[in-house]
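Worksheet for the structure shown next.
Along the sequence shown, the residues carry numbers beginning at 1. Just so it is clear, the values below take in all heavy atoms, side chains as well, and ignore hydrogens, waters and symmetry mates.
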Amino acid sequence: MWLGSCASSASATAAALHKPVAHLRPLLRVSASCSSSSSSSPAPLHTGPTVAARGPTPSPGVAATAMPSSNSAPTTPADETTAAAAATSGFRLTEPSFLESLMPKKETGVDRFLAAHPEYDGRGALIAIFDSGVDPAAAGLQTTSDGKPKILDVIDCTGSGDVDTSNVVKADADGAIVGASGTRLIVNSSWKNPSQEWRVGYKLVYELFTDTLISRLKKERKKKWDEENQEAISGALNQLNEFEKKHGKPDDAKLKKAKEDLQDRLDCLKKQSDGYDDKGPVIDVVVWHDGDAWRVAVDTHGLEGNKDCGKLADFVPLTNYRLERKFGIFSKLDACSFVANVYDDGNLVSIVTDCSPHATHVAGIAAAFHPEEPLLNGVAPGAQLISCRIGDTRLGSMETGTGLVRALIAAVEHKCDLINMSYGEPTLLPDYGRFIDLVNEVVDKHRIIFISSAGNNGPALNTVGAPGGTSSSIIGIGAYVSPAMAAGAHCVVQPPSEGMEYTWSSRGPTADGDLGVSISAPGGAVAPVPTWTLQSRMLMNGTSMSSPSACGGVALLVSAMKAEGIPLSPYTVRKAIENTAASISDVPEEKLTTGHGLLQVDRAFEYARQAKKLPLVSYRISINQVGKSIPKLRGIYLRGSNACQQTSEWTVQLNPKFHEDASNLEQLVPFEECLQLHSTDSSVVSIPEYILLTNNGRSFNIVVNPVNISSGLHYYEVYGMDCRAPWRGPIFRVPITVIKPIALSGEPPVLSLSKLYFKSGHIERRFINVPIGASWAEVTMRTSAFDTPRRFFLDTVQMCPLKRPIKWEAVVTFSSPSLKNFSFSVEGGLTLELSIAQFWSSGNASHEPTCVDFEIVFHGISVDQKVIVLDGSESPMRIVARSLLASERLVPVASLNKIRMPYRPVECNFCPLPTSRDRLPSGKQIIALTLTYKIKLEEGAEIKPHLPLLNNRIYDNKFESQFYRISDSNKSVYSSGDVYPSYVKLPKGDYTLQLYIRHENVQFLEKLKQLVLFIERKLEKKDFIQLSFYSEPDGPIVGNATFKSSILVPGEPEAFYVGPPSTEKLPKSSPPGSVLVGSITYGVVSSFNKKEEQNQHAPASYSILCVIPPSKVDDNKEKGVSVGTEKSVSERLNDEVRDTKIKFLSSLKKEKEDNKSAWTELVASLKSEYPKYTPLFAKILECVLQESTSDDKISHHKEVIVAADEVVDSIDKEELAKLLSLKPDPEDEESQKTKKKMEETRDQLADALYQKGLALAEIESLKPDESTEASAKDVFEENYKELIKWVDAKTTKYGTLTVLRERRCGRCGTALKVINDMIQEDSEQPKKKLYDLKLQLIEEIGWAHVSAYERQWMHVRFPPSLPPF
């Protein structure tokens, strides 16, 4: 997800782009206007274990602040008064300083640098923007400061804009071709095409647009459509009124039906308006080779609403953007620019749009050039860009593995100097995964500087996201806000007196002890946005914005180094910016927030100049605790009471890392440095004094003694200085983070914090040793002594090995002094960080500090097994519960609400991907494995695919990509997704799920050929299974000894049983081996729920599973036929022979000449042998209907009529009617069998009449001769009247014939009503014949606007093929 936020107004809220729970994706925020008060500044885009956006009502903004933590003394009212006096000294903006604040550059020394070196403004630097796609039409992104093209290439790396253009067509004599959508397209005669081959494809244009743009277009298109529909309604109403004036209330049957038809037309138009759902127009894509390059033209007339606009022939052809740097605009209505790139020899076209304004804003911060307003220039206006879109439109702009890898390939191919990536999410393992491996190669071998956002999940520690904050080769950037930014860009009433980190900016360290944040940069700006937003610039803030600010600053450095011949290396650049950064805080622990400080470009350049002749080396450290070989760490991180109660020793392996092209003799062999080691606190961290470092590395030991330090957060560093060049500063650092938690006492354990005083941006941290046995915490927060509303961020974090941080978070706004309560689950035995932060802009206009009283109480019920598995038998499962902390009320509640069904693939295919965009820099071609699963739903359901091996990991996954799509038998795609699958509602029917996995190692893919997929289906609420609890093992069978609740005394165990669900409660269509999934809770929240009568269950819940047992044996199978009706052996033999012959009949295919004659002979023989056996004639009719009709359709339909007549003639209709009218005795088995047989015969009769009617109608349409039509009409009408004697001819099964009859009678309105009712009643997948017929009726009536609408939907429901992955 992108790491930033948008604030379009004071009330704007942040919406996480990635739906699933525990991850972040793009890093952003946006504002078109300034807010009027300090409290309205944007709030972060947060995601956590249970919340996608931070808190119930997140406010607009995305940043985090690095104010004093709990290690510093809390502010007192006296201190606050002094601070307020300083703040009131007044921060005044002039117009130039206001404009400067919108694109902050002073904070990072850019203004000083450019004043001294105006020609080093990014010229010669090329930046790859890995993001949501840059709009080449946006303001400031056309040229560089020296007149060169700003954007050199625009690429969609995800494939979401791919169009299959493998279908080749030729133009007719009029110069027209038939597009892939079926539209006749006129080709411009001036287009050069030596081969005269035109490749065609199509795309639903909404698949290329953002949700915001689609929403705007839908409103505008709906307005126009409503006008047309209202005009049609008025016309229909006038026709009805004129009819009533002329005929009044007619008695004649035909006139009555004519009036009904007019009324039905009116009703259909009204219903059409109510059910309007615009899926957007279709654009036709045409590709050809003009002898020099591939050309692309797009027909967009459906978007304009004007048939004379957007025609194919009027389009100015495009080619791959990098060749001519041209783009198109779909229409004036959308104002959306796009680029076309052709791959695979014209068989694939990529239509590239942006999937959010995020990337354009990021690109503008890094490098926009506004000659008319230089103060709004990006940081490096001379730099050039390539846009690599990694955000997938199909996933709402989430990044995919495919997008990430293709972007790296493109960056290397274009020889980029820098990469900026403002995307990321939490990770299971830091510095691990397929993408990280490729990034290491890009940095180490190809010397590209990779800069990325650290994340927006602060203010708690351990919140840096992957890849920016967790990867050694990537420079992770935190977000800083200065007083000028607060006053100007954010429009706060009273800006802070000093700069700080935004409250929401993610903090280190990483799980393996690395610092996490490298440096900080301004995290907000007013920058360009795409043209479709209908504005030029917008305010966004987030680490998404700090990353390009830093990247632009580094681009200046690159520009200068290239110009002055300084060897360019990511290693040198990183050392320069880290060792010259300006400290934001004097508190050592704040390094975890700000990194090494605020970027200073001018100082970094001086450093690079001085280091010009130094070897290009990165100093890599690998640490492990003495006595342990794994894991290998990048820092020392002690988090827990046990670790802080003893001295520990660590071995540090220091290895110099040269670029891959370094010379053995000239660089590696001579490398030798004498390093003096330093400790920031020798009383805690002991080290040797010197080491001699050579190319083969050197190890040394560190001893950490935290026994005597105070509780709380402590940060230390061990660093090495070059004895011969101390000006270099630390050439390597070992970060050491020690968290010493406090232990709690009491029953239950409680931590009370009284009179904590907060000012804007202040953070209080407490670290608690969560008692063993605790499973949830209850919090009370009381605020007082303030005037204006205050907003607080509450975060808790626990760290668990090989697991993402366990995070709970809330955003709370206090409009007046009051009390609020919360509860959340915890893990006993793990240290918990409690972080309380007043939002950086909250309360700035007030001189009153906020007084907070805070209490956290721990509760817990421990059970002997966290995951309960019921094995499918009748036996209950025994559970033993204990309370180790205090007396707790035991109230078990368990519910099963989902079912998970396993599937194996029915087909697997390996395919080397053909295009250059899938060839790695190493030269290896990526291979795709496509697995196909077949899914059958007996009824409509809400389902989600689940792949335990691959899901929930994108960066920390050794497989570069996974993507799935679910389609029906019509090839219509209902859902697609990647590592975070989502639920989708599907109607009854058969579905295909295709899973697409990529890697260059075919051996890895081979191991996944039989990958197990689970389909997880939500049960309807009425079908939830509530499980019962018992105090005896036989309780589920005998039905007594129910267990409801109990009081647990500390240390005393209590046992009870959870019973399996009864067979009657098991969901239908649940095959044996499936698993019911649900949750179980044991306790209730107590501290703030006393007034409520009902229990509030504790937030600590656990999984409970129930295996579906084998199906019971059908008793009826064991029953024999009754003695009275038992047939003789010879009769039964004759019946078996007859049925076998009939069955064999259907196996003969009439397409082959030999079979045809054999089939005819067998039919004749069977007819003579069983002249009145209706099932035989029904089978013959079925066989005739299955024949191919491509040659002589009229003869075929006549054959159907003959076969149908034979079915009808074989039935004694009078006897059938008589038997059906009788009501059989429900206890008489013989009567029930007779009734069932008669109903089968009636259905065979009705089906024959129905098929005969369809055949008569087809003959009439194929051969509309007047005499034939008159006679056919009589036969058709007689046949229809016979049908309605037996069945309701308006049902889904027979309704088509009613539609044809009404249409023949000229009553298209009634026919349309019938077909609409059929479609609405049908619970299965759409049937193309019905929709084709509906479209014909609409066109006959003459409703052009409805016809156009339905044609758009035809492309959605019945696409000719599945789209490319």
Practice task
With side chain to side chain contact (heavy atoms under 4.5 Å, CB included) as the test, would you mind laying out the steps for C800 and L830 before giving the verdict?
Solution key: CA-CA 8 Å; C800 192; L830 297 179; 4.2 Å; yes

Practice task
Would you check, one step at a time, whether the test side chain to side chain contact (heavy atoms under 4.5 Å, CB included) holds for L429 with L802?
Solution key: CA-CA 6 Å; L429 286 169; L802 295 181; 3.3 Å; yes

Exercise for the section: Might you work through the side chain to side chain contact (heavy atoms under 4.5 Å, CB included) test for V770 and F858, ending with a clear yes or no? Expected result: CA-CA 8 Å; V770 177; F858 290 95; 4.0 Å; yes

Practice task
I would like to know whether S397 and Y423 meet side chain to side chain contact (heavy atoms under 4.5 Å, CB included); could you show each step before the answer?
Solution key: CA-CA 10 Å; S397 86; Y423 268 64; 4.3 Å; yes

Practice task
Take Y1102 and Q865 through the test side chain to side chain donor-acceptor pair (under 3.5 Å) and record every step on the way to the result.
Solution key: CA-CA 9 Å; Y1102 306 92; Q865 42 195 331; over 6 Å; no

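A distance of 8.5 Å separates CH2 in W808 from OG in S823, rounded to the nearest 0.5 Å. Interatomic distance, CD1 of I899 versus NZ of K1018, reported as 15.5 Å (0.5 Å rounding). In this structure, the separation between CE on M799 and CZ on R639 is 6.5 Å, given to the nearest 0.5 Å. With rounding to the nearest 0.5 Å, the separation of CG in L794 from CD1 in I856 is 10.0 Å. Here the CD1-CD1 distance, from I1080 to I1104, works out to 4.5 Å after rounding to the nearest 0.5 Å. The structure places OG of S835 at 11.0 Å from CD of E809, a figure rounded to the nearest 0.5 Å.
The shortest side-chain heavy-atom distance between M421 and I390 falls under the 4.5 Å cut-off. Taking the side chain as every heavy atom from C-beta outward, P981 and N951 approach each other to under 4.5 Å. In this structure, V1075 and F1014 have side chains that are not in contact, with every pair of non-hydrogen atoms separated by 4.5 Å or more. Side-chain contact check for V826 versus F824: some heavy-atom pair is nearer than 4.5 Å. Within the 4.5 Å cutoff, the side chain of V893 has heavy atoms near those of the T1081 side chain. Within the 4.5 Å cutoff, the side chain of K807 has heavy atoms near those of the D795 side chain. Looking at P1050 and S887, their side chains come closer than 4.5 Å, going by heavy atoms from C-beta outward. In this structure, L947 and Y964 have side chains that are not in contact, with every pair of non-hydrogen atoms separated by 4.5 Å or more.
Taking the six-membered ring for Trp and thresholds of 30 and 60 degrees, H714 and Y716 have nearly parallel ring planes, at less than 30 degrees apart. Using cut-offs of 30° and 60° on the angle between ring planes, the pair F839 and F793 is tilted. A perpendicular orientation is assigned to the rings of F792 and F814, their planes being inclined by more than 60° (bins at 30° and 60°).
Here P631 pairs with L633 under the side chain to side chain contact (heavy atoms under 4.5 Å, CB included) rule; sequence neighbours left out. Under the side chain to side chain contact (heavy atoms under 4.5 Å, CB included) criterion, D853 pairs with S754, K755, R782, not counting sequence neighbours.
The environment of NZ in K958 is crowded: more than 12 heavy-atom neighbours from other residues, nucleotides or ligands sit within 6.0 Å. Within a 6.0 Å sphere centred on CD1 of I742, other residues, nucleotides and ligands contribute more than 12 heavy atoms.
A donor-acceptor pair is defined here as one N or O able to donate and one able to accept, closer than 3.5 Å; such a pair exists between the side chain of S775 and the backbone of I861. A donor-acceptor pair under 3.5 Å is formed between the side chain of R634 and the backbone N or O of T470. Under a 3.5 Å cut-off, the side chain of Q798 and the backbone N or O of E827 do form a donor-acceptor pair. One N or O on the side chain of K740 and one on the backbone of I709 form a donor-acceptor pair closer than 3.5 Å. Of the possible donor and acceptor atoms, one in the side chain of Q838 sits under 3.5 Å from a partner among the backbone N and O of S842. In terms of modelled atom types and a separation under 3.5 Å, the side chain of S546 and the main chain of G478 share a donor-acceptor contact. In this structure, T543 contributes its side chain and G455 its backbone to a donor-acceptor pair below 3.5 Å. Using modelled atom types, one side-chain atom of E589 and one backbone atom of Y715 make a donor-acceptor pair closer than 3.5 Å. In this structure, the side chain of N769 does not engage the main chain of S641 through any donor-acceptor pair within 3.5 Å. Looking only at distances, a side-chain donor or acceptor of S506 sits under 3.5 Å from a matching main-chain atom of N457.
Nearest heavy-atom pair across L592 and V517 is O-CG2, 4.0 Å. Between P509 and L461, the shortest heavy-atom distance links the atoms CD-CB, 4.4 Å. The heavy-atom pair separating S518 from I475 by the smallest distance is OG-CG2, 3.5 Å. The two atoms that bring V979 and L950 nearest to each other are CG1-O, 4.2 Å, heavy atoms only. Summarising the geometry of P706 relative to A643, their closest heavy-atom pair is CG-O, 3.8 Å, with the distance given to 0.1 Å. Pairing each heavy atom of T813 with each of K820, the nearest pair is O-CE, 3.5 Å.
A donor atom on one side chain and an acceptor atom on the other are not found under 3.5 Å apart for S471 and D431. Between the side chains of R804 and N952, no donor-acceptor pair is found at a separation under 3.5 Å. A side-chain donor-acceptor contact under 3.5 Å links D512 and T510. Side chains of R790 and T783: no donor on one and acceptor on the other come within 3.5 Å.
Under the side chain to side chain donor-acceptor pair (under 3.5 Å) test applied with Y955, the options R434, E425, E399 reduce to a single match, E399.
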